[in-house]
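Heads up: the structure comes next, in structure tokens.
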Amino acid sequence: MTEAALETVDVTCVFQVGQGFLRGSKPLRAVNGVSLKIPRGQVVGLVGESGCGKSTMANILLGLQRPSSGDVLYSGNSAAGFSRRQIARRIQPIFQDPYSSLNPTKTIEAIISQPLRIHNVGAPSEWTARVTEMLDVVGLPRRVAASYPSQLSGGQRQRVAIARALVMRPEVVICDEPTSALDVSVQSQILNLLQDLKEEFGLTYLLISHNLAVVQHMADRVAVMYLGRIVEEADSDALFDDPRHPYTRALLGSVLTPDPRLGVPDTHLGTIFPNPIDPPSGCPFHPRCPNCTDICQSVPPHLVSDGDHETECHLYGGAS
Amino acid sequence: MASGVILEVENLRVDIPVAAGMLHPVRGIGFSVSRGETLCIVGESGCGKSLTSLAIMGLLPKTAQRTADRMDFLGRDIRHLGEREMARQRGGSMSMIFQEPMTSLNPSYTIGNQLAEVHLRHVGQNRTAARDRAVFLLEKVGISAAASRLGQYPHQLSGGQRQRVMIAMALMCGPELIIADEPTTALDVTIQAQILHLLAELQREFQMGMILITHDLGIVARVADKVQVMYAGKTVEEGPCETVFDAPMHPYTQGLLRCIPIPGLTRRGERLGSVPGIVPNLVGTLSGCMFRNRCDHARDACANMRDEPTHMGDGHAYTCLRAPEEILGERQAAGTP
């Protein structure tokens, strides 16, 4: 495998959640011992339901959230050696909602050139040229430089967000649900653009999404998160062809492909997403698992590797 | 009128005066829904699909003007019903499920209160009857310990549970027609599948008609009996679900279907199809096919085209100048839909 552009080593992130007046607080393990490698030049997909810790992971990788324990490695070097600003030069985010991620009071030019200003890159006279270049790259007409976000459509705004992320030529881009807020036809335009930019700038992506069809289309490797743990991780083909963890299977079973001959699948997952403050004993997935056995209720499973395919489930002998 | 038809709409238009002139978000839509049937209205933002549903419910903003050649609900013309009479229908025999369950439930009243209110208002029996109905329906929609949930507030429930409460509320008075506007867009994939499964089951059990409004073609394929594709306030293609997905005729429908990555069909890294350009502005006088500026097959005649759908039989029709032979020939040559 190629060198990791970004890697987390046993990262845990605990928040203290208040229980109300005089009741003290309880720990919430948003991310619980996650080791994830993002190889240079690849696309790693991170999937899971809301509340599983995907976005906390993104914040940790961006240096916006300090992990409680564990380490983040940037090209093999510990995060401790980097300032926030240095991390920001290497890693940039694209967020889900282009309506709230762009400052409505600034022009598009000011938005795209802000990273240059903050990092003091080049002379201010060059900034306009850089902005124009980025507008060309993301396929926006040059005249929008003087516009405000409210004058643009959702797809155009997401292109601005991409231009802003790429103006510093980062190594890694964290795409947190980059197309969820967009229409289908716009979604495909943005996915194609992300694909092209990856080739052009040699980018590495972490693609966080709950849309598995999008993840399958984009990602080389996929990690499935449940309640702060990565429960399955494999190369994209292996994961989609041979999903092992019952949760991964349920997720894949819930994908509604446009096939009019199939009905709505019944996932048998149950409705209750466990409370992350008070996670279930044993395997955290056991209350919803169709393959639950006695051992699942008491003993947490270990990660089992089969080549590149890692699964954390008792079905695959994780009890040792 | 066929015996099973619940709602019949012809040439529905909505016009809204705006600063720049008259906005025409819905420009002559027609459809019918029968008992036990699901009609899916698909389209992108701004195509008028949500306004269509609000127009049926009589919930349009005050400035909007609604006209229609026909709007018959349960055999009764509802075009000129007064607000009081419409309010009696809404929540009674026709009800609606909105997209965002957090904003459509009142955060300061308990679930039980909000569920009972619908029943008391429309059925008018006593509180015990309303409460019993609420518990019955909460169990029906898969909420555990239903009786104890009645005292809970919306913030104590998860997104999926809230949407279930919304569905229970829509069912309180045994409606004939349910309009669901993007009912699962705000939810996780797993919950989305569960909610759609539940809706389909309840619909079968109570033999309701359902209009489901969505932009997600995956949902449409799985739940619809009939599909209506909307673009710029007009129907560009309609027909039975399987036919429309197997043999889409309108360039817009074809474009939409090429846009979505489909596991097993589209290959990783391959470019997805796209519909270039953006939706047109619907202010002022509009003529011709509004899709022509984004269409690969546009020709001069498209600018003056009239709305005369080409019928393919079996209710399948599309509004485009291209002849069926041309489209079918092209499809055969390409070997793909």
Side-chain angles (χ1 to χ4, degrees), chain A residues 43 47-52 139 153-156 180 182-193 195-196 198-199 210-220 236-237 240-241 247 250-273 288, chain B residues 43-46 142-144 158-161 164 187-194 196-200 215-224 227 240-246 252 255-279 294:
Chain A
V43 181
V47 298
E49 289 170 286
S50 30
C52 75
S153 71
Q156 288 176 317
S180 305
L182 305 175
D183 273 319
V184 229
S185 70
V186 183
Q187 167 178 311
S188 76
Q189 291 172 15
I190 296 293
L191 292 178
N192 284 341
L193 175 67
Q195 200 90 259
D196 293 344
K198 174 177 173 273
E199 303 299 322
H210 70 266
N211 186 335
L212 284 143
V214 167
V215 170
Q216 175 166 37
H217 184 74
M218 299 281 289
D220 302 298
S236 202
D237 291 332
F240 284 98
D241 292 344
Y247 181 60
L251 273 184
L252 289 181
S254 307
V255 178
L256 302 177
T257 49
D259 185 342
R261 266 155 289 269
L262 299 174
V264 181
D266 193 352
T267 54
H268 302 289
L269 257 189
T271 51
I272 294 115
F273 191 79
R288 301 171 81 192
Chain B
E44 296 180 275
S45 10
I143 286 186
S144 53
S158 71
Q161 285 174 321
R164 283 168 197 267
L187 305 173
D188 275 317
V189 268
T190 47
I191 313 293
Q192 163 172 298
Q194 289 173 3
L196 290 173
H197 192 84
L198 171 70
L199 270 176
H215 67 272
D216 187 330
L217 291 161
I219 295 178
V220 177
R222 300 298 185 97
V223 302
V227 183
C241 183
E242 286 198 16
T243 321
V244 172
F245 276 86
D246 288 347
Y252 180 61
L256 280 185
L257 282 169
R258 276 197 300 264
C259 279
I260 39 177
I262 302 172
L265 272 182
T266 43
R267 242 176 298 143
R268 182 162 43 257
E270 211 171 58
R271 289 182 69 82
L272 293 167
S274 63
V275 184
I278 51 169
V279 275
R294 302 175 73 182

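Ranked by heavy-atom pairs under 4.5 Å with chain B, the list A:A219, A:G154, A:G155 is led by A:A219. When each of A:L212, A:L191, A:V186, A:D196 is scored by its heavy-atom pairs under 4.5 Å with chain B, the top score falls to A:D196. Per-residue counts of heavy-atom pairs under 4.5 Å with chain B were compared for A:S153, A:A250, A:S236; the largest is that of A:S236. Between chain A and the residues B:P276, B:G255, B:G43, B:P261, the most heavy-atom pairs under 4.5 angstrom are made by B:P261.
Under the salt bridge (Lys or Arg N to Asp or Glu O under 4.0 Å) criterion, A:D220 pairs with no residue, sequence neighbours left out. For B:E44, the side-chain hydrogen bond (donor to acceptor under 3.5 Å, both in side chains) test picks out A:S185, B:Y252, with sequence neighbours left out.
Both the backbone and the side chain of A:Q216 come within less than 4.5 Å of a heavy atom in chain B. When heavy atoms are compared at a cutoff of 4.5 Å, B:I219 approaches chain A by way of both its backbone and its side chain. Heavy atoms closer than 4.5 Å to chain B are found in both the backbone and the side chain of A:D237. Interface remark: A:L262 contributes backbone and side-chain atoms alike to the contact with chain B (heavy atom separation under 4.5 Å).
Proximity of A:L256 to B:L196: side-chain heavy atoms (C-beta onward) are separated by under 4.5 Å at one or more points. Between B:V189 and A:N211 the shortest side-chain heavy-atom distance does not fall below 4.5 Å. Annotation: side chain of A:E49 is in contact with side chain of B:I191 (closest heavy-atom distance under 4.5 Å).
Nearest approach of A:V255 to B:R222, heavy atoms of both residues: O-NH2, 3.8 Å. When every heavy atom of A:Q195 is checked against every heavy atom of B:E270, the shortest pair comes out as NE2-O, 4.2 Å. Annotation for A:H217 and B:R268: closest pair O-CG, 3.0 Å, computed over non-hydrogen atoms. In terms of heavy atoms, B:A193 sits closest to A:S254 at CB-CB, 4.1 Å. The two residues B:D188 and A:S50 have their closest heavy-atom pair at OD2-OG, 2.6 Å. Minimum heavy-atom separation, A:P258 to B:I260: CG-CD1, 3.5 Å.
Between atom SG of residue B:C241 and atom CZ of residue A:R261 there is a gap of 9.0 Å, rounded to the nearest 0.5 Å. Interatomic distance, B:L217 CG to A:D259 CG, rounded to the nearest 0.5 Å: 13.0 Å. Atoms CG and OG, from A:L193 and B:S274 in turn, are 11.0 Å apart once rounded to the nearest 0.5 Å.
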Using the rule given for side-chain hydrogen bond (donor to acceptor under 3.5 Å, both in side chains), can you reason through B:R271 versus A:S188, listing the C-alpha separation, both sets of side-chain angles and the distance that settles it, and then say yes or no? CA-CA 8 Å; B:R271 289 182 69 82; A:S188 76; over 6 Å; no
